[in-house]
Amino acid sequence: MVKQGFVYSFKMFESLDRKEVINAPAAPLDKLEKISKEFELRWKQAKLKEKKNA
Amino acid sequence: MPKSDAVLKYDNFSCFHIDAIPEKEIKDFALEKSSAQGLVSYFVDFALDEEENHFAKTYVIKENDSELIAAYFTLRAGSIPLKREKSSSFDALPGIELAALAVNDNFRKLHPDFPEIGTYFFTRFILPIAKSAAEIIGIHSLYIFALDEEPLIEHYNEWGFSRLKPKEERFVHAHIKPKFDEGCIFMYQSLF
């Protein structure tokens, strides 16, 4: 019965129009990585400048 | 792991569980926008209790040099209800709710030349922690309830969060939107 229940549920899952949900976009990693690397570089430079001026 | 150990550590910032942070530092957290005061209240008054009760995990990001709190975010397990066709029941897609996220305005003011700091924290701390959880249990999506403010929705869009179609959005709002997220918009993204 458990197995039947599982198969039933799985079929329900398959039959639904939810591909759009399941295939939702992920985070734009390339873009986020580029922003983050630039941030790290600028942050490092700002900190060096801060220490130099201290 | 000792409480003081960082969960994630980089050259510039490190991330800790909230129970490793002194209360005095937590109380110094500030946000200027009136619509964001709930996030301050959650962090100062409730986050530690929720951490101890395992209702949520709150992470605090500190700058390594100054040891100032730069931001916090809260994650909790959840699911996205998906309506079955011609039925009142639903299935559930496993997810992680990014229940809170805020950059400390006291810290932001010290670094006005870095408006992208939130994007940096999302990329370096939130995504890796969510993905590491998804490596060990079934998690499909990361989702948020965003304040219904156009610039904020656009901002989350740039991070890869999408809105559902209106009918699906209404269904999700009716089933899983907590009271304290009233008026907020459900947005989600796949973790893979």
Side-chain angles (χ1 to χ4, degrees), chain A, chain B residues 10-13 63-66 70 80-87 89-93 95 110-128 130-131 134 140-143 156-165 167-169 171-172 187-192:
Chain A
M1 284 304 287
V2 171
K3 192 176 176 186
Q4 281 174 353
F6 177 77
V7 171
Y8 171 76
S9 299
F10 185 74
K11 280 182 178 168
M12 283 298 289
F13 192 86
E14 287 286 286
S15 70
L16 293 173
D17 177 22
R18 58 176 55 174
K19 281 184 181 163
E20 195 177 317
V21 175
I22 291 169
N23 296 331
L29 289 180
D30 289 348
K31 183 178 137 194
L32 295 177
E33 191 60 34
K34 186 172 180 284
I35 292 170
S36 295
K37 281 190 171 154
E38 284 169 7
F39 174 91
E40 281 162 348
L41 188 64
R42 289 201 309 117
W43 189 268
K44 198 174 175 179
Q45 287 167 345
K47 284 283 150 185
L48 284 172
K49 197 174 166 187
E50 204 177 284
K51 280 173 187 165
K52 203 175 161 185
N53 293 337
Chain B
Y10 298 98
D11 289 344
N12 47 12
F13 293 91
E63 192 206 2
N64 295 343
D65 279 358
S66 65
I80 304 170
L82 300 170
K83 192 178 183 315
R84 288 179 171 175
E85 281 175 347
K86 297 171 190 167
S87 166
S89 62
F90 60 84
D91 285 316
L93 199 63
L110 299 172
H111 305 283
D113 296 335
F114 293 89
E116 75 279 39
I117 198 165
T119 302
Y120 178 71
F121 292 154
F122 179 70
T123 309
R124 287 288 182 260
F125 293 103
I126 298 172
L127 273 181
K131 286 186 177 190
H140 176 274
S141 304
L142 177 66
Y143 63 90
Y156 287 139
N157 243 311
E158 285 170 13
W159 291 1
F161 287 98
S162 304
R163 289 181 71 164
L164 288 163
K165 287 178 185 168
K167 193 178 164 189
E168 290 170 335
E169 187 175 276
F171 187 80
V172 168
M187 298 181 83
Y188 76 116
Q189 63 177 249
S190 166
L191 278 171
F192 301 96

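Please read these numbers as outputs of a predicted model, since none were measured by experiment. Letters A, B, ... mirror the listed sequences (proteins, then strands); counts begin at 1. Values below: every heavy atom of this structure, side chains too, minus hydrogens, waters and symmetry copies.
- When the shell of 6.0 Å around CG of B:Asp11 is examined, it contains 12 or fewer heavy atoms from other residues, nucleotides or ligands.
- Proximity of A:Trp43 to B:Glu63: side-chain heavy atoms (C-beta onward) are separated by under 4.5 Å at one or more points.
- The pair A:Arg42-B:Asp113 does not meet the salt-bridge criterion, since no charged nitrogen lies less than 4.0 angstrom from a carboxylate oxygen.
- Inter-residue side-chain proximity for B:Glu116 and A:Glu38 is flagged as unmet; no heavy-atom pair is nearer than 4.5 Å.
- Contact check for A:Lys47 versus B:Asn12: no side-chain heavy atoms found under the 4.5 Å cut-off.
- For chain B, no part of A:Lys44 is nearby; none of its heavy atoms comes within less than 4.5 Å.
- Only the side chain of B:Phe13 comes within less than 4.5 Å of a heavy atom of chain A; its backbone N, CA, C and O stay farther away.
- Proximity to chain A is limited to the side chain of B:Phe122, based on heavy atoms less than 4.5 angstrom apart.
- Heavy atoms closer than 4.5 Å to chain A are found nowhere in B:Leu142, neither backbone nor side chain.
- Using modelled atom types and a 3.5 Å distance limit, the side chains of B:Tyr10 and A:Glu40 yield no donor-acceptor pair.
- If you measure heavy-atom distances from A:Lys34 to chain B, you find no contacts under 4.5 Å at all.
- At a 4.5 Å heavy-atom cutoff, the contact between B:Phe192 and chain A is made by backbone atoms alone.
- Atom OG in A:Ser36 sits 11.0 Å away from atom CD1 in B:Ile117 (nearest 0.5 Å).
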